[in-house]
Amino acid sequence: MSEETIKTYVAQVPSNIAFIKYWGKRDESQQWPSGDSLSMTLDTACTITTARLHDGAKDLLELNGRLLWPNEPRSEKPLAHIERLRGLLGYKARLELTSRNTFPSDCGIASSASGLGALTLAAIAAWTAAANLEELEGLGFSRVRLASLARLGSGSACRSFHAGFVTWHSGVSPAEQTLETVATPPDFELADVIVVLSTEPKSVSSTTAHRAAWASPLFRPRLAGLAAKLTATRAALARGALDELGPLIETETIEMHAVIMTGEPPVRFLGEPTSQLLTWVRERRAAGEFPAYFTVDAGPNVHLICLQKDAAAVAALVKESFSDYTVLIDRQGQGPKLHVESRRPEALRKAAKDV
Ligand code: PMV
């Protein structure tokens, strides 16, 4: 293949923030979760991944501007996922990949959802030479199929393949997992004001922490109550009632972290600075000054869910009291995008020469 004819496939997949958390797996090998979950697909917090075929013996991966060597811990998960997809789908070609997040990675802003989602989409586009999502669908890769393939890399990635509010039903077997979106009133538009307390990568991976959940005495009671919680959350969204949704997602956050803290080994993602911010949110809201509710994933950073019209004011109030923290404003988004370019990403040209 001549250099000029090799195309670069560019996938953009958003992150998502869970309102009902995916926590614990029934079958790790098939990424079968222990319960249903529900998230909001984000808009600007996303991963942009490029993929192009190459003749070398190995896949090359450049992450956030730096070429990763195959034995580096950070390259393990993405490269294993590419190998697994190659085996499942029967493609042979090696790939040059670049991946860039529009937000800090590995600290509880669900970079694994967008990262593994974008990797899946870009790789399959390069292998099939599909220039957009419609062409991919014509080749048998519907969003539903792409989502299940992405799920094998990171469970939460599957929810990023749909717009808006997405329920991931665990189903009665690994093969019967489904995704379903919740329709909301047209004027109900949510924002996610992301408060970045720390960009340090988390000390325990979510894979390890998922495993630890089963040993928590709180885990089985949590699973028993999930269906009712999901029904209430979906109903609040369908009604467009933030005052009903907010308390549900805050209780859910505390419940997930209680499971995490009482697992074996116990893990603590909610450190002192995060707890202080959560208390502050509740106090300000009780004082009638703060129309936002918190949720926290597997990391120290806090997502404040509010109406889009209130997002700038919420962000400003946080900045006023916590000037050291970075505050990003995101909102509900539309899901993945894909396009093709004939240019080769410059950084990869250099990386290929060095190997
Ligand atoms: O997809 P994973 O293995 O990174 O797990 C994600 C878990 C949470 O982000 C904490 C919750 C969720 O549902 O996204």
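Just the heavy atoms: all of them, side chains too, but no hydrogens, waters or symmetry mates, feed the values below. In each ligand, atom 1 is the first atom listed, and ligand 1 is the first ligand listed.
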With heavy-atom distances below 4.0 Å as the criterion, list the atoms of ligand 1 near [X].
X: H210; result: 2 (P), 3 (O), 5 (O)
X: A18; result: 12 (C), 13 (O), 14 (O)
X: S206; result: 2 (P), 3 (O), 4 (O)

- For the ring pair F322 and W280, is the centre-to-centre distance below 6.0 Å? yes
- Ring-ring centroid check Y22 H210, cutoff 6.0 Å: yes
Determine, using heavy atoms of [X] and all atoms of ligand 1, whether some pair is separated by less than 4.0 Å.
X: S112; value: yes
X: W168; value: no
X: A298; value: yes

Anything under 3.5 Å between a donor and an acceptor, one on a side chain of residues 183-191, the other on a protein residue two or more places apart or in another chain? List them.
none

- Note on the structure: Between T295 and the options K21, E250, E252, the side-chain hydrogen bond (donor to acceptor under 3.5 Å, both in side chains) test singles out K21
- Examine S154 against ligand 1 and note whether any of their N/O atoms are separated by less than 3.5 Å. yes
- Query: Judging by distance only, is a nitrogen or oxygen of Y22 under 3.5 angstrom from one on ligand 1?
  - Reply: yes
- Query: Who's closest to atom 14 (O) of ligand 1 heavy-atom-wise, of K21, R159, H257?
  - Reply: R159
- Message: Under 3.5 Å, is there a donor on one side chain and an acceptor on the other for H169 and E180?
- Response: yes
- Message: I'd like to check the ring-ring contact (aromatic ring centres under 6.0 Å, His included) partners of W32; sequence neighbours left out, ordered by chain and number.
- Response: none
- Query: Salt bridge check: are E96 and K58 linked by an N-O gap of less than 4.0 Å?
  - Reply: no
